[in-house]
Amino acid sequence: MKVITHTSSRAARGKNLTIVWGEHDFPVGKILVALMAEGLCWLGINCGVKKLRENWQGAELIEDKAATAKAAREIAHLWPQNLDKLSVPVVLYGTAFQLKVWKELLKIKSGTTVTYGQIARKIGKPAAMRAVGSAVGKNTVSIVVPCHRVVNEASGKINYGWGPALKIALLKGEKAA
DNA sequence: ATTTACCGTGCTT
DNA sequence: AAGCACGGTAAAT
């Protein structure tokens with residue numbers, strides 16, 4: 001899987017960008033797939049365009065289901081084991097710190113989980129697990145960048161942007177496969 | 001069992 | 001430019 005990264009703050013994101021998006025079926029719900037010229041820049045679960053607009057403020061958003069169908073089909077087909085074979089490049093916009101965290105997420109094997117603390121240690125900032133938590137939460141390409149494989153160290157506390165039930169469903173699907 | 005300290009980000013003042 | 005709230009964990013109370 002090809003990954004393209006851009007360092008930017010949230011506010012600077014989306015200027016002069018055209019993004020096409022569409023909603024498609026996925027085993028655990030509807031996914032909203034968004035593509036820009038470089039590749040896949042957003043994947044939300046049951047989320048609606050509102051979230052997309054919040055994250056790409058300055059961008060021009062165009063609904064075009066036909067344009068996103070191919071990528072969506074590929075994602076549904078490759079999940080859960082083979083997402084790293086995705087032919088569409090993944091485009092990540094974030095701060096240097098966020099990009100580091102997201103790249104760590106990409107290394108997590110399907111069917112396994114890591115804790116926020118482990119990621120903090122891996123990126124050389126062992127005390128920054130809270131920051132890792134917020135960076136994980138700001139991931140824009142769910143499922144492909146497996147933010148759902150990051151769990152709390154203690155007890156069964158589950159926190160997930162698209163709802164805890166979805167996180168469980170994703171993990172269950174990957175474990176079973 | 002509660003509180004404190006740690007870090008990066010984005011929103012508010 | 002400074003302050004605040006958020007999010008997860010280990011250590012101190």
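Order of the sequence lines fixes the chain letters, A, B, ..., with proteins taken first and strands second; residue numbering starts at 1 for each chain.
The interatomic distance linking A:I119 (CD1) with B:dC7 (P) rounds to 18 Å, in whole Å. When rounded to the nearest whole Å, the span between CD of A:Q98 and P of B:dT9 equals 6 Å. Between A:E54 atom CD and B:dT9 atom C1' the separation is 16 Å, expressed in whole Å. Atom C1' of nucleotide B:dG8 and atom CH2 of A:W102 are separated by 13 Å, given to the nearest angstrom. Whole-Å rounding puts the A:R13 CZ to B:dC11 P distance at 10 Å. Distance CG (A:N139) to P (B:dG8): 19 Å, rounded to an integer number of Å. Between the CG atom of A:N159 and the P atom of C:dC6 there is a distance of 13 Å, rounded to whole Å. In this structure, the NZ atom of A:K138 is 4 Å from the C1' atom of B:dT9, given to the nearest Å.
Summarising the geometry of A:W56 relative to A:C41, their closest heavy-atom pair is CZ2-O, 3.4 Å, with the distance given to 0.1 Å. Scanning all heavy atoms of the two residues, the minimum distance from A:L105 to A:P146 falls at O-CG, 3.1 Å. A:F26 approaches A:L170 most closely through the heavy-atom pair CE2-CD2, 4.3 Å. A:I62 and A:T18 get closest at one heavy-atom pair: CD1-CG2, 3.7 Å.
Toward the 5' end of DNA chain B, the nearer of the two residues A:A127 and A:R10, judged by each one's closest nucleotide, is A:A127.
Across all strands shown, A:A128 has heavy atoms under 4.0 Å from sugar-phosphate atoms exclusively, and none from any base.
Here B:dG8 is the nucleotide among B:dG8, B:dG10, C:dG8 with the atom lying nearest to any side-chain atom of A:F97. Of the candidate nucleotides C:dT9, C:dG7, B:dG10, B:dG10 has the atom lying nearest to any side-chain atom of A:T95. When distances run from any side-chain atom of A:R121 to the nucleotides C:dA10, B:dG8, B:dG10, the shortest one goes to C:dA10. Taking only side-chain atoms of A:T115, from C-beta outward, the nucleotide of B:dG10, C:dT9, B:dT9 with the closest atom is C:dT9.
OP1 or OP2 of B:dG8 sits under 4.0 Å from a side-chain N or O of A:K125.
Between the side chain of A:R149 and the backbone N or O of A:T112, no donor-acceptor pair lies under 3.5 Å.
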